[in-house]
**Student:** 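Sending over a structure as structure tokens; questions will come in a sec.
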There are 2 protein chains.
Amino acid sequence: MVGDHSGTPRKLGHRVTIRDVAEGADAALSSVSRVLSGHPHVSEKMRIKVQKVAEELGYEPNLNAQTLRSGVSRTIGFVVRDINNPLFTLIAQACERELRRNGYSMILINSDGSVEIENQNFSLLRKRRVDGIIASLVAEDSPYLRKNLDSAHCPIVLLDRQVSDRNISAVIANHSSGVYEAVMSLVKLGHSKIALITGSNNIYPTRNRLEGFTKAHQDANLEICSNLLAVGGFDADYAFSHSLNLLHQKSAPTAFLAGGVGAFMGISRAFKKNKIIMGKDVAFVALDTLSFLELFFANISTVYRDPVEMGREAAILLLEGLEGAQPQVSVIETQFVERDSSKGSI
Amino acid sequence: MVGDHSGTPRKLGHRVTIRDVAEGADAALSSVSRVLSGHPHVSEKMRIKVQKVAEELGYEPNLNAQTLRSGVSRTIGFVVRDINNPLFTLIAQACERELRRNGYSMILINSDGSVEIENQNFSLLRKRRVDGIIASLVAEDSPYLRKNLDSAHCPIVLLDRQVSDRNISAVIANHSSGVYEAVMSLVKLGHSKIALITGSNNIYPTRNRLEGFTKAHQDANLEICSNLLAVGGFDADYAFSHSLNLLHQKSAPTAFLAGGVGAFMGISRAFKKNKIIMGKDVAFVALDTLSFLELFFANISTVYRDPVEMGREAAILLLEGLEGAQPQVSVIETQFVERDSSKGSI
DNA sequence: AAAAATATAGGAATCGATTCCAATCTAGAG
DNA sequence: CTCTAGATTGGAATCGATTCCTATATTTTT
């Protein structure tokens, strides 16, 4: 048994602490801490000695201890409404890259479409003492929302959400202008019965799209048939059954706008089931479809906004907030990209 | 200014600590801690009093302090190779649900396809003292991998990866059997030139698919044309250009197997560009395509494995590991689902 | 050369919890 | 009625870092 632990002083299961480094370098805890956190007023000799020992021992600071004592974690929490939506993952990715560039790490938590889980997630981030939060909320009328925004104790940036009675940073897209363009373009081609299927009213994008939709109809002197509006959930099944109903009507719409991935999927399935071809039998515009689906559906017209820009901008607003800036709102423009699926005139 | 802070004793920016609760309830720190962590040997009177005060003050424990002292965080880190792959998000979602059911929370970190970032992510999870790690590795030959597996200080579960020289838990899919079935089915229809386009060799799924592919060719007494094999990256652009090359050959393949999302996208684009229709001009089988794309492409044959099962199983293995179980490997079966895209006989 | 200013290093308090140990209290046994 | 075992509670140490304060070493100024 002699020499068992001779090679390394580390016992299995024991983790190297700053104390081990201090002993190894024959220095005080405070000196080691100063070296490792890059403080000034440290002699070159001490710096080299400590760094060498820390390296040799494979020292990695305990983030919990650091955060506890110093109050900062250089960690940002990203609360995502639904991790399976590829749009969110693109935004999250871009955001994380920007944060990383600035020395922050990002942890992602999924709310799985539930305001209850979202509430738990906010609580968890508070307990974890993250330095900031970026969130794509499940709903703006969540009963927990106000409390979570008020008690966060750190800067928050919302993604595509508006909470009017609170002064809070947000990155929002100008959906309405893109939708306006799209509708106008369809009207020019002779369409007058245009269906809009989109998420529920308790989030900003829906309301904002509706705004552009309404304005376009006004400017074109067209009535909006109330049954052409389906506002009530991002659910693909909902969009599917609603589209089927619309298609079976005597005065079926000649054009469809799909708000979000769920609507896109549901409508597509309805078309497929009825053997309807986009761009031929009916005009179709996808709102906010993801770049990666566009690779497949290269012929689908879309109202586009850049998820990368959105993610980066969110990171930037948050970083500014961390430096003490007042809450601010940043707007990402959208644009109507006309492709085959909406081109055929009626 | 009178009465400014009268309603609540909380100062702005100050967070309620266990000490505040102790003072409010006129009890010792230890008693409060015992109540809040559900220890036995606490009188009913004390329990009620402390809980009431904690509730009133809106006390939320500092997770960093808890973790520092107790050594457990009830947090699992999920390291994901590429967050934009919908297959991974489905797995992560299922995994997170199972962990949550067991009182654990999960934080997701994206490696963005880079072994360097993956290495940083492992380091971060170590510093954070998570209780366990679930990972879909970027590569099995990452220079940092061995170190990260050895120094994790917690149970690890790998997703669809094999690291043979380490005893470590994993959930892997039996890709080869599904691929075998698929190839055999194609052979029966008269195909003899079957192309396989898939990711690089440094991850298990590729090798495992290749295994099934090879075995099927042997059993069918067919040669594998080496130029029909494209093993070299999940990149859609790579798959695209390679497919174009194949299609331009004089003896072009009559069937394509696409391994993973990237290959699927690249090949689809090549088909589209050459106006080739799947199931008519050429047979096509998608390996591991995501349930959500299947909604669109209801007619595409696929080798399917259940991502939900995979995620849940990973969570279960990890939880068992936390309770002291030895590392174990769990296999998820795949099945060939024949649909229109591979049905037409040649 | 003595005094003042500054650079460097060490000691101890602290962050907010958990947990061990000892003290007190209660209840049941003898 | 006394003694002992067990239930409760409080006090203090501890986890691993940071940071403030003080003591010494070094340099600069007069």
Side-chain angles (χ1 to χ4, degrees), chain A residues 10-11 13-51 53-54 57-75 124 126-131 153, chain B residues 10-11 13-51 53-54 57-75 124 126-131 153:
Chain A
R10 251 182 297 172
K11 273 171 283 171
H14 174 252
R15 291 164 103 138
V16 180
T17 70
I18 197 173
R19 171 162 272 122
D20 298 322
V21 178
E23 283 171 11
D26 198 36
L29 291 177
S30 45
S31 301
V32 176
S33 175
R34 255 166 285 170
V35 169
L36 296 176
S37 51
H39 272 231
H41 300 312
V42 176
S43 74
E44 201 54 23
K45 215 174 82 188
M46 175 73 83
R47 162 158 288 122
I48 291 175
K49 187 174 61 174
V50 167
Q51 279 174 340
V53 174
L57 296 180
Y59 170 69
E60 292 183 306
N62 183 324
L63 203 56
N64 296 298
Q66 286 186 316
T67 305
L68 175 61
R69 176 61 233 233
S70 72
V72 295
S73 60
R74 290 194 85 76
T75 301
L124 211 59
R126 254 177 274 136
K127 295 187 198 156
R128 219 176 267 294
R129 303 294 191 261
V130 294
D131 294 342
H153 289 271
Chain B
R10 252 181 299 171
K11 275 172 280 171
H14 172 253
R15 291 163 104 140
V16 180
T17 71
I18 198 172
R19 171 162 271 121
D20 299 320
V21 177
E23 282 171 12
D26 198 36
L29 291 178
S30 44
S31 300
V32 175
S33 175
R34 256 166 282 168
V35 169
L36 296 176
S37 51
H39 272 231
H41 301 312
V42 176
S43 73
E44 201 53 23
K45 216 175 84 188
M46 174 73 83
R47 162 158 288 121
I48 290 176
K49 187 173 62 174
V50 168
Q51 280 174 340
V53 174
L57 296 180
Y59 170 69
E60 291 183 308
N62 183 324
L63 202 57
N64 296 299
Q66 287 186 317
T67 305
L68 174 59
R69 177 61 233 233
S70 71
V72 294
S73 60
R74 291 195 83 77
T75 301
L124 211 58
R126 254 177 275 135
K127 295 186 197 155
R128 219 176 267 294
R129 303 293 191 262
V130 294
D131 294 342
H153 289 271

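Within every chain, numbering begins at 1; the chains are lettered A, B, ... in the order of the sequence lines, protein sequences first and strands thereafter.
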**Student:** Could you run through nucleotides 7-17 of chain D and give me one letter per nucleotide, 5' to 3': B if any protein heavy atom sits under 4.0 Å from the base, S if only the sugar-phosphate is that close, - if neither?
**Tutor:** SSBBB-BBBBB
**Student:** Applying side chain to side chain donor-acceptor pair (under 3.5 Å), can you list everything that pairs with A:Q51, at least two apart in sequence or on another chain?
**Tutor:**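 So A:Q51 forms no side chain to side chain donor-acceptor pair (under 3.5 Å) with any residue.
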**Student:** With B:V32 as reference, evaluate B:V21, B:V53, B:V42 under the side chain to side chain contact (heavy atoms under 4.5 Å, CB included) test and give the passing residue.
**Tutor:**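 The side chain to side chain contact (heavy atoms under 4.5 Å, CB included) with B:V32 is passed solely by B:V21 among B:V21, B:V53, B:V42.
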**Student:** Tell me every residue that passes side chain to side chain donor-acceptor pair (under 3.5 Å) with B:S33, counting only those two or more places apart in sequence or in another chain.
**Tutor:**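 Counting only residues at least two positions away or on another chain, B:S33 forms no side chain to side chain donor-acceptor pair (under 3.5 Å).
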**Student:** Testing the 3.5 Å rule here: is there a donor-acceptor pair between the side chains of B:T75 and A:R128?
**Tutor:**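 Side chains of B:T75 and A:R128: pair found under 3.5 Å.
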**Student:** Checking A:R129 now: which residues fulfil side chain to side chain donor-acceptor pair (under 3.5 Å) with it, not counting sequence neighbours?
**Tutor:**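 Result, side chain to side chain donor-acceptor pair (under 3.5 Å) vs A:R129: none returned.
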**Student:** Looking at B:L63, is its backbone amide N or carbonyl O close enough to the side chain of A:K127 to form a donor-acceptor pair, meaning the two atoms are under 3.5 Å apart?
**Tutor:**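 No; zero donor-acceptor contacts below 3.5 Å.
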**Student:** State which residues pass side chain to side chain donor-acceptor pair (under 3.5 Å) with B:T67; sequence neighbours excluded, sorted by chain then number.
**Tutor:**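 If we apply the side chain to side chain donor-acceptor pair (under 3.5 Å) test to B:T67, skipping adjacent residues, there are no hits.
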**Student:** Between the two end axes of the helix from C:dA1-D:dT30 to C:dG30-D:dC1, each built from 5 base pairs, what angle do you get to the nearest 10°?
**Tutor:**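 Answer rounded to 10°: the end axes differ by 50°.
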